[in-house]
Asker: 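Dropping a structure here in structure tokens format, bear with me for questions.
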Amino acid sequence: MPEFKTSPGTRDILAPDSGRWRAFQEVFAKTVEAAGYTLIIPPMFEDLDVFLRLGEATEVVTKEMYDFHDKGGRHVALRPEQTASVCRAFVEHRPTTPWKVWYAGPNFRYEKPQQGRYRQFDQVGIEALGTNDPFLDAEVIGLAAKFYSNLGLKRVKLAINTLGDGGDREKYAQKLLEYFSRHESSLTSESKATLARNPLRVLDSKREPDQEVIANAPAIRDTIGKEAGAHFESVLAALEAMNVSYEINNRLVRGLDYYRRTTFEFVSTALASAHTAIGGGGRYDGLVEALGGPATPGIGFALGLDRTLLACDAEGSFVAPKQAVEVFVVDTVDGSHAQTICNLLRENGVTADRAYDLRSMKAQMKAADRSGAAVALIIGEDEVQNSTIMLRPMNSGEQHSIARGDLVGEVMKALKK
RNA sequence: GUGGGCGUAGCUCAGUUGGCUAGAGCGCCAGGUUGUGGUCCUGGAGGUCGCGGGUUCAAGCCCCGUCGUCCACCCCA
């Protein structure tokens with residue numbers, strides 16, 4: 001056993017998974033940049049207070065923060081998510097609106113790890129600030145759906161709900177508190193604890209004994225104001241016009257307190273484990289203000305890389321790309337020819353690798369095979385004497401000798417470049 | 001944070017009621033093939049059996065602790 005291992009909840013991503021991660025982020029970038037979102041790269045840690053503005057009832061903030069004091073005495077925290085950072089950046093830079101940005105990178109939460117849940121986990125996401133237009137809600141949700149389909153995912157369901165405006169949320173929370181308190185005796189002890197903390201979250205309980213009480217709980221749609229209700233209807237209409245299918249779930253309350261109005265979640269029906277939520281988001285119309293900026297509406301989503309890739313695995317889509325060079329050079333003379341030839345090929349835009357340590361031809365050919373190269377170039381004593389190179393396409397038993405001076409042209413021909 | 005399963009070679013795992021020098025497959029290296037990979041054959045390297053303590057004539061196996069990992073809960077992506 002090695003002396004050192006990665007810390008709990010962290011891991012190394014090696015090839016071919018690392019290539020899959022990069023491809024994942026590239027597909028995401030392409031999807032959202034097509035809609036005008038630009039990349040933002042916020043820092044991985046911020047003043048603790050930035051994240052505290054996410055809300056006192058948000059467990060991500062109260063229980064799971066990776067926080068510490070730096071050498072200057074600042075109390076900082078590794079970001080548990082990126083929406084707060086984006087809003088802080090908005091207040092700091094005051095870009096013209098609508099400000100539409102995307103991000104990709106790791107977040108940190110101090111939790112007990114299990115499958116699809118790590119202490120350092122990657123998300124990709126977008127945020128759009130500065131407008132209340134319901135078409136923007138539909139655009140944001142549509143982009144997430146588009147991204148899933150670009151990954152080849154089919155078994156993804158969109159659940160959507162509205163939480164009304166700030167006041168509505170309070171009123172609804174009050175209603176729920178009254179309702180659940182009346183039925184407290186039939187709730188599980190976990191739900192009773194949740195009730196005291198955040199009545200809305202009781203709706204999220206998946207525990208069997210709670211289900212009946214939850215099913216009869218008052219729905220938020222009876223509580224929300226006219227404006228928020230109209231907004232929701234417009235969002236739904238816009239989604240239908242885009243052919244994005246959805247399911248209204250008036251029990252959908254997400255974990256971060258700041259959500260207002262539109263809230264949504266994507267669930268993979270291909271996943272068997274408990275963690276089927278592969279992405280989610282919503283409006284957070286009060287957050288910029290809470291961070292000291294002007295009242296500014298905002299909406300966005302974040303998608304978990306790990307869970308989305310687990311869903312891809314379950315559906316057999318978006319397989320990890322194999323990394324291979326085009327040419328592998330076998331040099332059984334002294335290794336210097338391999339060096340010269342590799343350099344020449346690379347300068348001409350051909351990817352090339354070679355063997356080291358002057359191993360036997362058999363060993364070098366084996367390495368050529370492993371490299372995935374389409375073509376092997378072989379240099380032995382005969383070739384050096386005759387100023388030739390043996391060109392061997394790896395998928396056939398045939399090989400032919402080429403003049404050393406014709407190397408680049410012959411390789412291009414063999415690779416059909 | 002709570003509860004449970006599992007830690008044996010680089011990987012996946014076997015190892016009987018505690019009993020010879022701890023095994024297999026894959027991978028890796030070498031040879032068969034003094035100039036040829038992907039198939040085949042032969043051989044080889046590689047292990048503090050997670051770590052620490054205890055019981056025993058004897059521990060990979062039993063007991064205690066600890067760390068890691070997985071699963072469920074909590075929570076969430």
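In this text the structure is predicted, and so the values were computed from the model without any measurement. Within every chain, numbering begins at 1; the chains are lettered A, B, ... in the order of the sequence lines, protein sequences first and strands thereafter.
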Asker: Distance criterion of 3.5 Å, no angle test: do you see the side chain of A:Arg109 paired donor-to-acceptor with the base of B:rC75?
Answerer: no
Asker: Can you tell me if OH on A:Tyr172 sees more than 12 non-hydrogen neighbours from other groups inside 6.0 Å?
Answerer: yes
Asker: Using atom C1' of each nucleotide, how far apart are B:rU48 and B:rU8 to the nearest Å?
Answerer: 12 Å
Asker: Is A:Arg261 salt-bridged to A:Asp165, going by a charged N under 4.0 Å from an acidic O?
Answerer: yes
Asker: Salt bridge between A:Lys154 and A:Glu315, side-chain N to carboxylate O under 4.0 Å?
Answerer: no
Asker: Take A:Arg283 and A:Asp285 through the salt bridge (charged side-chain N to carboxylate O under 4.0 Å, His left out) test and state the conclusion after the steps.
Answerer: CA-CA 6 Å; A:Arg283 278 204 166 271; A:Asp285 293 343; 3.3 Å; yes
Asker: Looking across every strand, which nucleic acid part, if any, lies under 4.0 Å from A:Arg11 by heavy atom: base, sugar-phosphate, or nothing?
Answerer: nothing
Asker: Quick one: A:Arg117 CZ to B:rA72 C1', roughly how many Å, whole number?
Answerer: 10 Å
Asker: Step through the shown structure and confirm whether more than 12 heavy atoms of other residues, nucleotides or ligands are within 6.0 Å of NZ on A:Lys175.
Answerer: yes
Asker: Cation-pi between A:Arg11 and A:Tyr118: NZ/CZ under 6.0 Å from ring centre and within 45° of the ring axis?
Answerer: yes
Asker: Take atom NZ of A:Lys112 and atom C1' of B:rG3, then tell me their distance rounded to the nearest Å.
Answerer: 8 Å
Asker: What's the NZ-P distance between A:Lys5 and B:rG68, to the nearest Å?
Answerer: 9 Å
Asker: Using a heavy-atom cut-off of under 4.0 Å over every strand shown, decide if A:Gly9 touches base, sugar-phosphate, or nothing.
Answerer: sugar-phosphate
Asker: On a whole-Å scale, what distance lies between the C1' atoms belonging to B:rG15 and B:rA9?
Answerer: 14 Å
Asker: Without decimals, in angstroms, what is the distance between A:Tyr118 OH and B:rU69 C1'?
Answerer: 11 Å
Asker: Taking B:rA30 as the reference, what is the distance to B:rU16 when you measure between their P atoms (whole Å, please)?
Answerer: 36 Å
Asker: How does RNA chain B look in dot-bracket form if you count Watson-Crick and G-U pairs under 3.5 Å, write [ ] for pairs that cross, and put | where a base pairs with another strand?
Answerer: (((((((..((((.....[...)))).(((((.......))))).....(((((..]....))))))))))))....
Asker: When the C1' atoms of B:rU21 and B:rC49 are compared, how many Å lie between them, rounded to an integer?
Answerer: 15 Å
Asker: Centre of A:Tyr110's six-membered ring, under 6.0 Å away, within 45 degrees of the axis: is that where NZ or CZ of A:Arg119 sits?
Answerer: yes
Asker: Could you check whether A:Phe147 and A:Phe24 have their ring centres less than 6.0 Å apart?
Answerer: yes
Asker: Using the C1' atom as the point on both nucleotides, what is the distance between B:rA72 and B:rU55, in whole Å?
Answerer: 34 Å
Asker: Taking the inter-plane angle between the rings of A:His69 and A:His75 on a 0 to 90° scale, is it parallel (under 30°), tilted (30 to 60°) or perpendicular (over 60°)?
Answerer: parallel
Asker: Could you state the CD-P distance from A:Glu111 to B:rC70, rounded to the nearest angstrom?
Answerer: 14 Å
Asker: Could you check how far OH of A:Tyr148 sits from P of B:rA77, rounded to whole Å?
Answerer: 11 Å
Asker: Report, as a single string ordered 5' to 3', how protein heavy atoms within less than 4.0 Å touch nucleotides 33-40 of chain B: B base, S sugar-phosphate only, - not at all.
Answerer: --BBBB--
Asker: Could you give the distance separating B:rG46 and B:rG5 at their P atoms, to the nearest angstrom?
Answerer: 36 Å
Asker: Reckon A:Gly116 touches a base, only the sugar-phosphate, or nothing at all at heavy-atom distances under 4.0 Å?
Answerer: base
Asker: Between P on B:rG3 and CD on A:Gln114, what's the gap in Å once rounded to a whole number?
Answerer: 16 Å
Asker: Check for me whether the distance between the ring centres of A:Tyr284 and A:Tyr259 falls short of 6.0 Å.
Answerer: no
Asker: Taking the side chain of A:Arg359 as heavy atoms from C-beta outward, which of B:rA30, B:rU69, B:rA72 is closest to it?
Answerer: B:rA30
Asker: Relative to the 5' end of RNA chain B, which residue comes earlier, A:Tyr110 or A:Leu303, by the nucleotide with the nearest heavy atom?
Answerer: A:Tyr110
Asker: Should the ring pair A:Tyr179 and A:His183 be called parallel, tilted or perpendicular, given that the plane angle runs from 0 to 90° and is split at 30 and 60?
Answerer: tilted
Asker: Provide the distance between the two P atoms, one in B:rG3 and one in B:rU56, to the nearest whole Å.
Answerer: 31 Å
Asker: How long is the line joining CZ of A:Phe28 and C1' of B:rA77, in whole Å?
Answerer: 13 Å
Asker: Using the P atom as the reference point in each nucleotide, state the distance between B:rU66 and B:rG25 in Å, no decimals.
Answerer: 39 Å
Asker: At less than 3.5 Å, do the side-chain atoms of A:Gln82 and the base atoms of B:rA77 form a donor-acceptor pair?
Answerer: no
